[in-house]
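A short worksheet on the structure shown next.
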Amino acid sequence: MKDNFAKGIATCLTLAMILGNLPEVSSVMAETGTPATEAVTPDTSSGSAVNTDTPTTTPTVTPTETATPTVTPTVTPDMSAYRLPATTLKARGGASRVRLSWSKASGAEGYYIYTRTAADAAYTLMATVKDAAATEYTKTSLVNGTTYYYRIAAYRTVNGVVVEGDLSTAVSATPVSVSATSKTAKKYSTKAKFKASPAYKTYKKTKAAMNYNKSFAIPGMKTTNAGGFACTTMVPQGMCLAGSYFLISAYDYKKEDSSVIYVVSRASKSYITTIVLPSKAKVGGLAFDGTNVWVSKGKAVASFPYSVVTDAVNAGTSYTVLNSYRNVCALDSTASYMGYYNGVLWIGSFSQSTSTMKGYKLNNTQTLPSLVPAYTMSVPSKTQGVTFSSDGTMILTRSYRTKKAKSGYISQIRTYRPSFAQANGSGKVLKNTALKKMKLPPMSEGVAIYGTYTYVLFSSSYYKSCKYPVDRVLALKTNKLIE
């Protein structure tokens with residue numbers, strides 16, 4: 001009985017050990033039959049043993065003291081003393097565009113331009129102009145009829161910090177549609193009205209020499225589409241014959257819009273299109289060397305290839321914007337007028353007294369044309385335009401003032417046959433005595449020869465003070481200017 005009981009106990013312990021994962025226990029039965037157990041020290045080498053000993057109290061660990069680092073606050077320097085003052089901003093609306101212009105801020109590296117419409121809650125940055133010399137910016141792709149507001153601030157860098165200046169006063173502009181450049185005469189709409197004009201009736205010799213049917217209206221005098229902006233203050237200046245076209249230069253008297261060249265058909269004498277030049281210079285001089293068109297630009301002359309003209313005509317658009325000249329040649333005096341003859345570009349400055357016109361040989365006309373000083377020629381005072389025929393005949397226009405009563409008034413055309421072949425060692429060319437002198441209506445400007453006619457341009461239609469305005473390019477019979 002006792003043996004069976006002992007065996008049962010042993011069996012139960014073994015089963016419990018298997019099912020409960022208990023520590024292994026050896027059972028010993030005393031001879032007296034009283035059971036006893038022996039604890040087996042757990043094997044701790046596996047790291048999974050259960051420690052049946054009384055746990056040892058965990059000692060308190062005092063952390064080592066670490067010094068708290070001192071944080072030096074970042075101090076933003078006060079740059080207000082370096083802020084540039086606000087500049088004056090202007091805005092002008094054109095066809096789906098607005099042109100901004102401002103006074104240059106001394107010391108500026110560039111400008112930030114901000115914009116908004118009435119529907120916007122605040123201004124946003126529209127453009128960053130990084131050119132310190134810039135004083136204009138045109139924003140295109142705008143909506144005609146919508147008013148846009150603008151502000152501008154100059155900026156510069158001080159000790160590595162970009163400092164934005166004070167904002168300008170807000171200005172506004174509304175883009176509007178712009179009509180095409182006018183083709184018709186500004187003052188006299190018909191032949192009858194022109195022949196009734198004071199100039200036609202007063203200047204008898206001009207009337208006798210002119211062919212009305214070959215004369216033509218000066219384009220753009222009512223309005224000029226100058227790159228998407230309407231200009232009513234263009235003043236015609238220079239003229240030349242270039243291939244199949246007459247070219248007429250003009251500048252904006254108010255200096256708001258770029259200077260232009262009107263392209264007129266040589267055959268039909270009708271206006272075709274406009275080339276908008278990359279400056280606002282008073283483009284008094286205009287010449288064609290057979291490959292390049294030359295334009296005066298202050299104390300310099302600039303050129304662009306004839307292909308610009310043909311491309312502008314073929315484009316069939318109201319205007320073509322010339323973004324840059326092929327090259328610019330500096331001079332030692334202002335280029336007021338120009339003419340081309342036999343490989344030489346003749347350039348002169350307007351003067352109240354007798355002056356010297358200089359002749360420059362042209363090099364590299366097919367690539368990058370350059371000027372080489374070669375000749376000089378004495379010319380009369382107040383010369384405004386010069387042209388040459390194929391045989392070397394030189395025709396000059398002279399003008400000053402709009403009224404005869406004004407001191408120094410003159411308006412005249414003169415014809416010469418210079419001695420080009422007899423230029424002396426210093427390159428001086430004698431113009432010789434004038435073959436003929438003839439009075440013209442006031443404000444004669446550029447001049448060009450085509451066939452048997454000399455074409456004379458006038459700027460008088462712009463000036464309200466002129467009592468004898470001419471709004472046409474007059475075709476004068478060249479033989480009447482020589483005989």
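It should be emphasised that the depicted structure is a prediction, and the values quoted were computed from it without experimental measurement.
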T174 and Y148, any side-chain heavy atoms less than 4.5 Å apart
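Counting from C-beta outward, Y148 and T174 never come under 4.5 Å.
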What pair of heavy atoms forms the shortest contact from [X] to [Y], and how long is it?
X    : Y    : value
L474 : T206 : CD1-CG2, 3.8 Å
M338 : A287 : CB-CB, 4.1 Å
G227 : V321 : CA-CG2, 4.4 Å
G165 : A153 : O-CB, 3.6 Å
D120 : T117 : OD2-N, 2.8 Å
V143 : P175 : O-CG, 3.8 Å

Above 12 or not: heavy atoms from other molecules or residues under 6.0 Å from [atom1] of [X]?
X    : atom1 : answer
K255 : NZ    : yes
Y82  : OH    : no
K222 : NZ    : yes
K214 : NZ    : no
N364 : CG    : yes
K361 : NZ    : no

To the nearest 0.5 Å, what is the distance between [atom1] ([X]) and [atom2] ([Y])?
X    : Y    : atom1 : atom2 : result
Q412 : S399 : CD    : OG    : 10.5 Å
T356 : M377 : OG1   : CE    : 10.5 Å
L277 : F304 : CG    : CZ    : 6.5 Å
M438 : Y203 : CE    : OH    : 11.5 Å
F350 : Y400 : CZ    : OH    : 6.5 Å
Q237 : Y251 : CD    : OH    : 5.5 Å

Worksheet item: Could you walk me through whether F288 and W294 pass the ring pair (Phe, Tyr, Trp, His ring centres under 6.0 Å) check?
Response: CA-CA 6 Å; F288 178 58; W294 292 86; over 10 Å; no
| Does anything in residues 295-312 pair up under salt bridge (Lys or Arg N to Asp or Glu O under 4.0 Å), and if so which pairs, sequence neighbours excluded? |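 Matches after skipping sequence neighbours: none remain.
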Item to complete: Only pairs at least two apart or in different chains count here, so list each salt bridge (Lys or Arg N to Asp or Glu O under 4.0 Å) that has a residue in residues 147-174.
Response: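 Applying salt bridge (Lys or Arg N to Asp or Glu O under 4.0 Å) to every pair that reaches into residues 147-174, excluding sequence neighbours, yields R83-D166.
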Ring pair (Phe, Tyr, Trp, His ring centres under 6.0 Å) evaluation trace for Y262 with F246:
CA-CA 8 Å; Y262 305 113; F246 285 106; over 10 Å; no
Q. Which is it for R398 and S411 under the side-chain hydrogen bond (donor to acceptor under 3.5 Å, both in side chains) test, yes or no, and what are the steps along the way?
A. CA-CA 5 Å; R398 303 174 63 205; S411 189; over 6 Å; no
After noting the C-alpha distance and the side-chain angles of S381 and T354, does the key distance pass the side-chain hydrogen bond (donor to acceptor under 3.5 Å, both in side chains) rule? CA-CA 4 Å; S381 64; T354 300; 5.7 Å; no
Donor-acceptor contact present, side-chain T334 to main-chain S336, <3.5 Å =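 Not confirmed, T334 side chain does not pair with S336 backbone.
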Q) Where the side chain of D471 meets the backbone of A217, is there a donor-acceptor pair that is under 3.5 Å apart? A)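 Judged by distance alone, no pair lies under 3.5 Å.
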### Query
How far apart are the C-alpha atoms of V98 and Y137, what are their side-chain angles, what is the distance that settles it, and do they pass the side-chain contact (heavy atoms from CB on, under 4.5 Å) test?
CA-CA 8 Å; V98 167; Y137 181 87; over 6 Å; no
Compute whether any side-chain donor of one residue and acceptor of the other, for T135 and S101, lie under 3.5 angstrom apart.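 Result is no, nothing qualifies.
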Quiz prompt | Contacts of type ring-ring contact (aromatic ring centres under 6.0 Å, His included), residue Y212, not counting sequence neighbours | solution =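 Listed in chain order: F194.
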Hey, are K90 and E136 close enough for a salt bridge, meaning a charged N less than 4.0 Å from a carboxylate O?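 Answer for the salt bridge query: no.
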Taking R92 first and then D257, would you say they form a salt bridge - that is, a charged N and a carboxylate O separated by under 4.0 Å?
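Salt bridge between R92 and D257, a charged N being under 4.0 Å from a carboxylate O: yes.
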| message | I'd like to know whether S177 forms a side-chain hydrogen bond (donor to acceptor under 3.5 Å, both in side chains) with N144, so could you lay out the CA-CA distance, the side-chain angles of the two residues, the decisive distance to 0.1 Å, and finally the verdict. | response | CA-CA 7 Å; S177 59; N144 285 345; 5.3 Å; no
For Y462 and Y253, run ring pair (Phe, Tyr, Trp, His ring centres under 6.0 Å): C-alpha distance rounded to whole Å, both residues' side-chain angles, the deciding distance at 0.1 Å, then the answer.
CA-CA 9 Å; Y462 174 75; Y253 188 82; 5.2 Å; yes
